[in-house]
Amino acid sequence: MNLLDLDARGLADFFAGIGEKPFRARQVLRWIHQRGEHDFEVMSDLARSLRENLAGKAFVQVPQVISDNTSTDGTRKWLLDVGASAIEAVFIPETNRGTLCISSQAGCTLACGFCSTGKQGFNRNLRTSEIIGQLWLANRFLGATPRGERVISNVVMMGMGEPLLNYEAVVPALNLMLDDNAYGLSRRRVTLSTSGIVPMMDRLRDECPVALAVSLHAPNDSLRDRLMPINRKYPLKELLGACRRYLDRAPRDFVTFEYVMLDGLNDSAEHAQQLIEIAGEVSCKINLIPFNPFPDSEFKRSSSEVIRRFSDTLNAAGVTTTTRKTRGDDIDAACGQLAGRIVDRTRRTIRLARVEA
Ligand code: SAH
Ligand code: SF4
């Protein structure tokens with residue numbers, strides 16, 4: 001058993017199953033996640049018999065690092081081997097915080113046209129160990145600040161994949177991020193971004209309400225249908241309903257709406273007005289993301305002038321709006337550029353057909 005697949009409860013159950021005292025699990029949790037240890041032999045305050053029992057029945061294993069690149073702006077990206085495919089995790093240092101952006105799936109089934117991950121197709125869901133393993137690895141690489149503080153103060157599930165379509169593996173990983181015996185982050189500092197999987201938003205609200213970001217990207221159904229195919233299944237009205245229900249339990253009193261700025265597509269004055277109406281229905285903040293290009297992307301980024309005007313219109317109407325800084329684009333680590341190396345298992349035939357055509 002890979003102990004990185006288990007949150008505190010899972011680990012206690014595992015301990016009971018191998019005839020050990022469940023409360024010992026807490027000690028092991030601290031060794032693994034707080035001290036970044038994988039070798040049971042080093043866990044000196046555990047009884048020898050427990051260490052031997054663990055060595056025979058368990059291990060701590062994270063994905064292999066394939067590459068490790070640092071951008072001129074300090075953003076750092078790791079490419080990690082998860083079998084046939086490879087996934088990416090990105091660390092973004094800022095003045096007052098350090099944010100780790102992690103992946104939940106190898107690829108994505110949802111195929112939003114403006115997203116490099118979506119364009120790649122889908123390989124498989126990541127295991128809990130592969131999700132929390134990204135944080136475990138980044139922590140080991142980054143260490144602590146000179147004052148002994150954690151370098152990673154925030155985690156965002158905004159990497160590759162749709163986290164709410166890998167719910168069963170994502171929630172134990174979230175639990176570990178929040179657990180005082182593991183990473184001890186507050187719910188406000190852990191953000192899950194979803195394209196809007198309505199029923200799973202309700203489950204997350206009931207079971208593990210972390211801060212929520214929703215990829216909106218269009219203020220009406222006809223445009224959102226075009227940009228994000230998932231809208232045909234969960235249209236705006238249902239999505240906004242789920243956001244309102246989420247707010248009852250959310251750690252912040254707003255939902256963040258992400259809105260990628262696509263030249264000539266979703267960036268007009270009329271779109272801004274429609275967005276203002278939506279903001280009237282759900283307590284929210286809007287985060288504008290200048291589109292980041294990738295090979296074969298058929299969209300263009302709105303000009304900075306248009307983005308500024310769009311943002312000003314929203315702010316003037318009382319809708320708090322920020323524009324995300326593009327970070328790490330020289331190492332293809334910016335939002336939507338994460339491609340990893342996906343061996344597609346869903347659309348391979350389509351892609352082959354395209355190549356032949
Ligand atoms: N699947 C989830 C989380 C991962 S995407 C989701 O869609 O929310 C993280 C954010 O980057 C999303 O808001 C996504 O829409 C946005 N994004 C995708 N492609 C982009 C691109 N090329 N440029 C800018 N943002 C992009
Ligand atoms: Fe998947 Fe999110 Fe990319 Fe859409 S934007 S394809 S949901 S990862």
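Atoms within each ligand, like the ligands themselves, are counted from 1 in listed order. What you see below is based on every heavy atom in this structure, not just the backbone, and it leaves out hydrogens, waters and symmetry mates.
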Among all protein heavy atoms, pick out the one at the shortest distance from [atom]; state its residue, atom name and that distance to 0.1 Å.
atom	result
atom 2 (C) of ligand 1	Ser193 O, 3.4 Å
atom 17 (N) of ligand 1	Gly336 CA, 3.9 Å
atom 11 (O) of ligand 1	Cys335 CB, 3.9 Å
atom 13 (O) of ligand 1	Ser215 OG, 2.7 Å
atom 9 (C) of ligand 1	Met158 O, 3.4 Å

Could you tell me, atom by atom, which parts of ligand 1 come under 4.0 Å of a heavy atom of [X]?
X	answer
Phe114	15 (O), 18 (C), 19 (N), 20 (C), 21 (C), 22 (N)
Asn292	21 (C), 22 (N), 23 (N), 24 (C)
Gly161	1 (N), 2 (C), 3 (C), 4 (C)
Ile289	24 (C), 25 (N)
Val260	23 (N), 24 (C), 25 (N)
Thr194	6 (C), 8 (O)
His217	13 (O), 14 (C), 15 (O)

Is the closest heavy-atom distance from Gly159 to ligand 1 below 4.0 Å? yes
Salt-bridge contact [X]-[Y] (side-chain N to carboxylate O under 4.0 Å):
X	Y	value
Glu258	Arg324	yes
Glu37	Arg30	no
Arg97	Glu94	yes
Lys119	Asp296	no
Arg205	Asp248	yes

Just one of Asp5, Ile132, Thr128 clears the side-chain contact (heavy atoms from CB on, under 4.5 Å) bar with Pro172, so which one? Thr128
Leu192 and side-chain contact (heavy atoms from CB on, under 4.5 Å): which partner among Ser104, Pro163, Cys208? Pro163
Glu207 and Arg203: CA distance, side-chain angles, deciding distance, salt bridge (Lys or Arg N to Asp or Glu O under 4.0 Å) verdict: CA-CA 6 Å; Glu207 295 170 8; Arg203 262 190 86 182; 3.3 Å; yes
Write down, by chain and number, every protein residue that brings a non-hydrogen atom to less than 4.0 Å from an atom of ligand 2. Cys108, Leu110, Ala111, Cys112, Cys115, Gly118, Gly161, Ser195
Do we see a donor-acceptor contact under 3.5 Å between the side chains of [X] and [Y]?
X	Y	value
Asn2	Gln61	no
Asp330	Thr72	yes
Ser302	Asp267	yes

May I ask you to identify, for Met160, whether its side chain, its backbone, both or neither come under 4.0 Å of ligand 1 on a heavy-atom basis? neither
How does Glu258 reach ligand 1, if at all, at less than 4.0 Å between non-hydrogen atoms: by side chain, backbone, both, or neither? side chain
Atom CZ of residue position Arg35 - does it have more than 12 heavy atoms of other residues, nucleotides or ligands inside 6.0 Å? no
Apply side-chain contact (heavy atoms from CB on, under 4.5 Å) to the pair Phe59 and Leu3, showing each step before the final yes or no. CA-CA 6 Å; Phe59 55 91; Leu3 298 189; over 6 Å; no
